[in-house]
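Structure first, commentary second.
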Amino acid sequence: MQFTPLNKNGSIKRQREATLVEQRPLKKCSPTPSEIDAANDAIESDSRHFKIASPIRDVLKKCSAIRHCRSKKREDQLRANGKSHCESYPVGTSFPVTPESSPLRRKRGSAYWDSKRIQSTGRLAISSPTSTENAENQSLSQDFADLSLTLSGSIGKRIDFSNRASRTHEIFQIKEILANILRFVSLDSDVPHEKSCSRRRPLSYKHALLIYKDEKKARQAWHECTESTTSNSELKREGKEDSLLYNCLFVNRLWHSVTLGVLLKKVYFKHPQHYSKFIDKYSGDCNQIVSRPSIFVLHKFHKLLQNDLDKMATILAPDNISWLELYICPNVIPPFSWISRLKSLERLIMPGSKVINDNFLFEISANASKLKILDLRACDNITDAGVIAIALKCPQLQSCNLGRHRNGTNITSVSVIALAEHTQIETLGVAGCEITDAGIWELAQQRGKHIKRLSLNNCSLLTNHSIPTLFAFNYFPNLSVLEIRNLAHISDLRHLAQFKLWKNSRKIPILIEGCERITKLLHDEEAKIKRMRLVMAMHDMNYWINKVEE
Amino acid sequence: MSQEYRTRSRSRSFSDQAATQEEERPFVNLNMNVNMRPKNQVEVQIGLVGDAQVGKTSLMVKYVQNVFDEEYTQTLGVNFLKRKVSVRSTDIVFSLMDLGGQREFINMLPIASLGSSAIIFLFDLTRAETLSSIKEWFRQAHGLNDTAIPILVGTKYDLFVDLDPDYQEQMSRTSMEYAQVMDAPLIFCSTAKSINVQKIFKVALAKIFSLTLTIQEINEVGDPLLIYKTLGTAKRDQDKTDNIKNSNTNVTTESRRKSPTYTQ
Ligand SMILES: Nc1nc2c(ncn2[C@@H]2O[C@H](COP(=O)(O)OP(=O)(O)OP(=O)(O)O)[C@@H](O)[C@H]2O)c(=O)[nH]1
Ligand SMILES: [Mg+2]
């Protein structure tokens, strides 16, 4: 008895649904991907085929979502007021209430639907306080009008633009909003950087086999490292990302000025011709400073001359630079006039520089007291003296890399001890330097708990008395990367193996990079420990099953 | 396929919740400053099967939580509980899978048998028909996993001792024959009175790892039988190497499961 009317209702409802569906296309509640794409297409054509970056696409989606919700609410209201045919739907039915004004509807495009809908929703439109139904054929920009960003007519001086551009939505003509959008776009574009690899390349096929414990993987890894490093496809991809913001320069005058502002916050070059173009364009402007960037990066400018770099000093002011990088630019140092003004410097990356020396470090350390990251790999002229200056004047230093293949004698335990005593060092690279056991002990005692990465490859003076012994006492509990290739005097890997297993058991990633000999020793020790533990486990289980309980 | 079973059973069985909560506890048993030597961890999965109301859930709950409930709650699907036993430097983790005995859950038998190192076949000592059902249970479970050690367990020994001595004699003899055929250790237990409960799992572990168990056997008719020495070993020689190999992967400091197990 109770169920029959319900069922009946249900069937009535379904009938209604059917007829209504015929009148108005209500099936979909949310825009399909193709519809969103179509919407994007519209925008794209509006803005002169300018390529829309993903953030904008997101904004778009959000807009339609907001609108969607609103109209849904309105319909609910109407239903409550009983002013339209909606009232006849039983409350709580799963009827797909597609909003009348949903932006997606327009995209259906068929005139048949349009006329039908307008007829059937006429009443609804009149009774709705926020109705925009009668303007169904407006361009996409009207959809955005719901966001009430437009102060009618005050913004968007249409005369400035060509016919097509005049249809660009107003939000793209508001400087602040545009700046925000472009800032997001700039987040996408990467500052050129050294490709980070999860682990170093194996030294031989046998070594690869030891590391990967699987022939297929090992062969692949070994193959990869005999191949050349940069693949063409990657270069292409990078080029594409770069052009994203660059393209924005050419949309219109407003876009140009805003984009330029954003671009000049992070100044980075990896193509010499871009660099010289930039210099040519701005150095003519009667030596006026154009920007105070926070990032200045040059990537692999092998041939750059000091003269060319110094021109930059007339264009950019260094006061806000927190990240200064001259990655493999062997012949230059930062413009002299900058050095005393690098107060904000936190990250100084100059690997492969042939010209910087201790004097440079003296100058830098005197000014950059906030320095946190210092990368001086293969800067052969740097000696203990320069490092001590840094250690004394840059107490916040966390990462320091002095690794090198030449002039290893220039860096000794003195540097390590200075860094350990005076800085917050967590990552230390002294590959190929003349570090002794004493230096490592000092580091362990001063900073042991904080050390995360340690690169000691080719430190030929190290013996079993430092690293292996220190690990026995767990002096580096938080270490996650340890590089110990080619340490001829190290033979006792027991405690390192134990450390590794301990980390593994806690699911904490740990990487110990050894050469073939050391990796093999480490593996053997690991296997030994595992075997021993198995025997122990069997003993323990035997003890337990025969223990009298109950 | 078994994944689907699992999710179905999860949503139904009560003690699953307890088990998941357990898994979410942080992993804190290693004090790195004192000693970075981790504990060995041995994980064994054991399935419990048998007719409805024979006392599978009671036995599992008793073993894991040391409580016994007079009231019967039918198991819907599969129950899952873990117990960790810490012995010196080793943690032994028992993962117990308890399959509801109603016929309708037979399609979830793979959950209880696949991946189990031992399968406990339970029957009710006070109901002879539950013993004859063992034939079918064994046939099916063995078909799915013939490397698991079978263990035959008669339950409710506390009620059994009050029954007619002839019945007791008959029952004991028949179950011994079953044990022989199955090559399964035979144990009579009482969850209510805590008789032979711990021993079931010690026998299981001993058989899984081919350890030498020295507990006294009990084979007098009328007593709570505990017969294991000659049973569950015939096939063992052939599987021995397998089990040692398996144990090699089991007995490591890296637990195989994605979630850490109990901590004390
Ligand atoms: N006296 C006594 N009662 C027991 C014993 N073991 C179980 N019972 C009772 O037997 C009934 C059934 O126990 P369960 O453990 O729920 O049975 P089950 O095998 O899990 O049943 P299903 O979940 O339906 O397969 C309960 O009322 C228990 O209290 C026992 O050793 N002695
Ligand atoms: Mg049950």
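So you know, we letter chains A, B, ... as the sequences are listed, proteins then strands, and number each from 1. Since this is a predicted model, take the numbers as computed values, not measurements.
Closest non-hydrogen pair, A:W544 versus B:F201, comes out as CZ3-O, 4.5 Å. The two atoms that bring B:L211 and A:M538 nearest to each other are CD2-O, 4.0 Å, heavy atoms only. Taking every heavy atom of both residues into account, B:L213 and A:I545 meet most closely at CD1-O, 3.4 Å. Heavy-atom minimum distance, B:T90 versus A:M536: OG1-O, 4.2 Å. Contact detail for A:A537 and B:N40: the closest heavy-atom pair is N-ND2, 4.0 Å. Across all their heavy atoms, A:N546 and B:T214 have their closest contact at OD1-N, 2.7 Å.
Within 6.0 Å of NZ in B:K229 there are more than 12 heavy atoms belonging to other residues, nucleotides or ligands. More than 12 heavy atoms of other residues, nucleotides or ligands shown are found within 6.0 angstrom of NE2 on A:H450. No more than 12 heavy atoms of other residues, nucleotides or ligands shown are found within 6.0 angstrom of CZ on A:R453. Within 6.0 Å of NE2 in A:H523 there are more than 12 heavy atoms belonging to other residues, nucleotides or ligands.
In this structure, a donor-acceptor pair under 3.5 Å is absent between the side chains of A:N542 and B:T212.
Using a 4.5 Å cut-off between heavy atoms, B:I215 contacts chain A through both its backbone and its side chain.
Formation of a donor-acceptor pair under 3.5 Å by the B:K202 side chain with backbone atoms of A:K547 is found in this model.
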- [ ] Output, in order, the C-alpha distance, side-chain angles, deciding distance and verdict of side-chain contact (heavy atoms from CB on, under 4.5 Å) for A:M541 and B:V87.
- [x] CA-CA 7 Å; A:M541 287 194 286; B:V87 198; over 6 Å; no
